[in-house]
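Computed from a predicted structure; not experimentally measured. Numbers here simply count residues along the sequence, with the first being 1.
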Amino acid sequence: MEEMYNVSSNPHVRDKMTTSRIMQLVVIALLPATLFGIWNFGFHALLVVLVTVISSVFFEWLYDRLMHKKNTITDFSAVVTGLLLALNMPPQIPLWMPVLGSAFAIIIVKQLFGGLGQNFMNPALAGRCFLMISFAAKMTDFSVSDSYRGVLDTVTGATPLAALKKQGFVAASSIPVKDLFIGNIQGTIGETSALAILIGAVILLAFKVIDLKVPLTYIGSFTVFVIFYMPGSGMGFNGNYLLSHLFGGGLMLGAWFMATDYVTTPITPKGQLIYGCCLGILTAIFRLFGGSAEGVSYAIIFCNLLVPIIEKVTKPVAFGKGGKKA
């Protein structure tokens with residue numbers, strides 16, 4: 001009797017790494033960006049982080065309680081969702097808005113679809129996009145009090161990406177790439193310092209929480225697109241323009257911490273490469289040709305929706321199938 005075995009992609013093996021341990025490591029990896037954001041923007045940024053994380057955990061507990069489900073707050077997934085959502089918030093946002101975003105992320109996107117492992121898109125980014133659509137003015141207001149640290153002469157001005165989109169990179173007036181890399185700029189609480197984000201990425205890589213396929217493919221395809229765009233738009237190659245796009249906005253935070261989400265990322269190796277390329281191309285299109293200066297959140301959410309299709313077309317052929325019959 002002929003038997004057919006369905007061979008699926010990795011992972012196949014058991015591992016001592018638990019869900020709660022992975023989530024704890026993600027929280028630790030996010031601490032450099034979190035602490036820098038609080039130092040950069042002041043006490044209100046700290047309040048935003050605390051309120052968002054606490055409300056996310058509360059809504060997770062409340063849903064489990066009302067639905068008579070096992071309490072899942074100990075797996076730390078709600079903490080990660082709340083922290084990522086907070087890091088995507090403007091530093092001076094009214095505190096009720098992150099609470100509303102947390103409710104949408106946890107209850108609507110995560111729990112109503114079955115909880116951790118069943119959500120079809122990244123809950124934190126879904127919460128951010130929900131707030132962006134509902135309260136665009138507040139979500140794009142990056143002004144900070146002059147009693148806190150901020151880039152000189154840009155306390156109430158445009159974000160670096162908005163200025164870059166409007167005028168390109170002008171040596172005399174554009175924010176230096178060094179400030180973009182270190183994070184002495186405006187933006188959301190957690191996206192400003194590429195250096196702090198990369199320190200967190202090293203932590204994730206050191207503990208093998210993520211691998212390099214998705215982040216490098218994402219950043220690499222985005223870079224290639226921008227390199228081809230520059231001469232096509234008539235500006236010629238400009239290294240500062242390219243680096244400003246790489247270090248400005250949410251690209252680094254999105255590539256290392258949100259595009260690598262286990263639940264909403266393909267598990268097939270080829271699928272991960274396709275996924276990363278789609279992310280890079282869409283982010284570039286949204287940034288360069290869209291109405292907004294940013295595009296990371298929408299690119300990741302859109303590609304999250306493509307994951308079932310990507311996995312279907314990159315699924316390994318089962319042993320015994322696909323070969324030519326004698």
Side-chain angles (χ1 to χ4, degrees), residues 20-57 76-95 97-99 101-102 105 122 124-125 127-128 139 141-152 154-155 159-160 175-207 209-210 215 246-261 296-297:
S20 59
R21 176 59 175 165
I22 291 172
M23 295 300 169
Q24 290 166 12
L25 288 171
V26 173
V27 171
I28 292 171
L30 285 169
L31 285 180
T34 304
L35 295 175
F36 184 89
I38 293 169
W39 176 73
N40 199 30
F41 296 117
F43 182 68
H44 195 273
L46 172 61
L47 290 179
V48 172
V49 172
L50 292 176
V51 167
T52 313
V53 172
I54 292 171
S55 60
S56 294
V57 174
F76 278 80
S77 62
V79 175
V80 171
T81 295
L83 187 54
L84 283 172
L85 179 59
L87 297 183
N88 279 279
M89 295 287 105
Q92 297 298 316
I93 195 169
L95 295 179
M97 289 180 61
V99 175
S102 298
N122 186 288
L125 285 181
R128 180 177 191 256
M139 287 294 292
D141 180 8
F142 299 104
S143 59
V144 294
S145 169
D146 58 9
S147 63
Y148 298 130
R149 294 188 69 260
V151 180
L152 188 64
T154 63
V155 173
T159 61
I175 295 175
V177 172
K178 179 185 71 173
D179 286 336
L180 288 168
F181 181 72
I182 295 173
N184 194 24
I185 57 173
Q186 287 177 279
T188 66
I189 295 171
E191 74 180 15
T192 56
S193 176
L195 175 60
I197 293 167
L198 289 173
I199 291 172
V202 170
I203 294 173
L204 294 181
L205 291 169
F207 285 94
V209 176
I210 64 171
L246 290 175
F247 298 145
L251 179 62
M252 289 296 164
L253 184 64
W256 294 103
F257 285 95
M258 289 176 284
T260 54
D261 174 34
V296 171
S297 297

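- A pairwise comparison of heavy atoms in F36 and G183 identifies CE2-O, 3.3 Å as the closest pair.
- Distance CZ/F181 to CD1/I197: 10.0 Å, rounded to 0.5 Å.
- The structure places CD1 of I203 at 13.0 Å from CH2 of W256, a figure rounded to the nearest 0.5 Å.
- Across every non-hydrogen atom of V99 and L95, the tightest pair is CG2-O, 3.4 Å.
- The shortest side-chain heavy-atom distance between T192 and F41 falls under the 4.5 Å cut-off.
- The shortest side-chain heavy-atom distance between T188 and L87 does not fall under the 4.5 Å cut-off.
- Contact annotation: the side chain of L47 approaches that of F43 to within less than 4.5 Å [non-hydrogen atoms, C-beta and beyond].
- In this structure, the separation between CG on D261 and CG on L84 is 8.5 Å, given to the nearest 0.5 Å.
- Scanning all heavy atoms of the two residues, the minimum distance from I93 to M139 falls at CD1-SD, 3.5 Å.
- For the pair P91 and V48, the tightest heavy-atom approach, listed with the atom from each and the gap, is O-CG2, 4.0 Å.
- Side-chain atoms of L198 and M252, non-hydrogen and from C-beta on, do get closer than 4.5 Å to each other.
- For the residue pair A45 and G37, the shortest heavy atom distance occurs at CB-O, 4.1 Å.
- Between T34 and I189, every side-chain heavy-atom pair lies at or beyond the 4.5 Å cut-off.
- Considering every non-hydrogen atom in both A105 and A124, the closest pair reads CB-N, 4.5 Å.
- From I185, atom CD1 reaches atom CG of L180 across 5.0 Å, with rounding to the nearest 0.5 Å.
- Side chains of F257 and N122 form no contact here, defined as non-hydrogen atoms less than 4.5 Å apart.
- With a 4.5 Å cut-off on side-chain heavy atoms, M97 and M89 do not count as touching.
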Carefully, step by step, assess D141 and Q92 under the rule side chain to side chain contact (heavy atoms under 4.5 Å, CB included).
CA-CA 8 Å; D141 180 8; Q92 297 298 316; over 6 Å; no
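- With rounding to the nearest 0.5 angstrom, the CD1 atom of I38 is 7.0 Å from the CG atom of L50.
- A distance of 5.5 Å separates OG1 in T52 from CG in L85, rounded to the nearest 0.5 Å.
- In this structure, L253 and N88 have side chains that are in contact, with non-hydrogen atoms separated by less than 4.5 Å.
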